[in-house]
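To keep things clear, I will list the structure first and then write my remarks on it.
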Amino acid sequence: MAENIMKGQQNDLSSLMERAARRDCTVPFEGYSRDDGNIPGNILIVESGDCVYSFAKSDIMDRETLGEDRIRVHVREGATAFRLGRMRAGEPQDAFMVAMENIAPPMSPRVPGEPTPANGPVGLANAEAMEHIAPPPAMYVPGAPRYAAASGGPAQVARPQVLAPALSTVGSHWTNRCVAGDAFANNCAHFLSDAFIRAGYTELSDSNPHIEARCYTYARRPIRARNMWSWFKTKAVRTSNTPTQNTGWWAVFQLDESVYWGGHVVLFDSDSCAFYGTGWHGTWRQYMYQW
């Protein structure tokens, strides 16, 4: 009997090892699924209202059920697939730039003098990919802002305000999470927009021409850094491209298109040289906005 139990455990372990091996060299995608009626042998993954993928079933190495009819598929790296996304007639389309939303930025080297994390983790310890592939950890640069610890208390409910809340108020609402509890592999815009909304910027919750993608929960938080950048520019009364101490709070978009087209958003308190966000890319170009 003991021998049978041991054989059963070995079989279970072998099964888990085989499943893990199937995920080597794969890229995860998740969404609602159905067979592709236009391409025999393919399956559709509806990631959001803005993006639909079609993958050959033979390229799907593993799949998981996530609940509510959603699945995650692990697609063979390098596989050819089709992607359907929203566009506006007359606007230039660049397939590579669109794809970068699902590709992680590389590690950012730390530059002397840039902000550094104060306390607590920066982002997810086991992140995978931007929205679906994780950005690499930022590298330390002396003098960089330190990470400001997320609030450990319960999420504060946003109160309607006539004037725009101070950016420092957004910092006090930073919790390094979404109020709905969901998370992507990359959450820079996801978690920062959550702090903005709970601080009183309800315009980000409402229909907004700058916001093109949101998380899938009831919270509907914006999840794209470039969308937040577009919104920052409409709010700004002062701009800068150089983090300078003792100049107040700034909403920052960091970008190096040669490295990562999607960019990164973060809140910067220059008075304490601290940042509120999932990381700080001090070697990228800085687009700073204050209001």
**Message:** Please check: side-chain N/O of Gln290 versus main-chain N/O of Thr247, any donor-acceptor pairing under 3.5 Å?
**Reply:** yes
**Request:** Please list, chain by chain and in numerical order, all residues satisfying salt bridge (charged side-chain N to carboxylate O under 4.0 Å, His left out) with Arg214, sequence neighbours excluded.
**Result:** none
**Asked** Taking atom types as modelled, is there a side-chain donor on Asn42 or Ser54 under 3.5 Å from an acceptor on the other?
**Response** yes
**Message:** What's the separation between atom OH in Tyr289 and atom CZ in Phe232, rounded to the nearest 0.5 Å?
**Reply:** 9.0 Å
**Asked** What do the steps show when you test Gln286 against Phe268 for side-chain contact (heavy atoms from CB on, under 4.5 Å), and what is the final call?
**Response** CA-CA 11 Å; Gln286 310 294 307; Phe268 174 48; over 6 Å; no
**Asked** For Phe82, which fellow cluster members are found when Ile, Leu, Val, Met, Phe, Trp and Tyr are connected by side-chain heavy-atom distances below 4.5 angstrom, either directly or through intermediates?
**Response** Ile39
**Message:** Tell me whether the rings of Trp231 and Phe196 are parallel (<30°), tilted (30 to 60°) or perpendicular (>60°).
**Reply:** perpendicular
**Message:** Going by the rule salt bridge (charged side-chain N to carboxylate O under 4.0 Å, His left out), which residues pair with Glu77 if we only count those two or more places apart in sequence or in a different chain?
**Reply:** none
**Message:** Quick check on the 6.0 Å ring-centre criterion: do Tyr276 and Phe191 meet it?
**Reply:** no
**Message:** Side chains of Ser33 and Arg63 only: does a donor on one sit below 3.5 Å from an acceptor on the other?
**Reply:** no
**Prompt:** Going through the distances and angles, do Trp249 and Leu267 end up as a side-chain contact (heavy atoms from CB on, under 4.5 Å)?
**Reply:** CA-CA 7 Å; Trp249 289 70; Leu267 192 67; 3.7 Å; yes
**Prompt:** Could you walk me through whether Ile60 and Ile43 pass the side-chain contact (heavy atoms from CB on, under 4.5 Å) check?
**Reply:** CA-CA 9 Å; Ile60 296 176; Ile43 185 174; 3.3 Å; yes
**Stacked cation flag Arg34 on Tyr32, 6.0 angstrom / 45 deg** = no
**Message:** In terms of relative ring orientation, are Phe29 and Phe55 parallel, tilted or perpendicular, with 30° and 60° separating the classes?
**Reply:** tilted
**Item:** Ser172 side-chain N/O to Thr169 backbone N/O, donor-acceptor pair under 3.5 Å
**Value:** yes
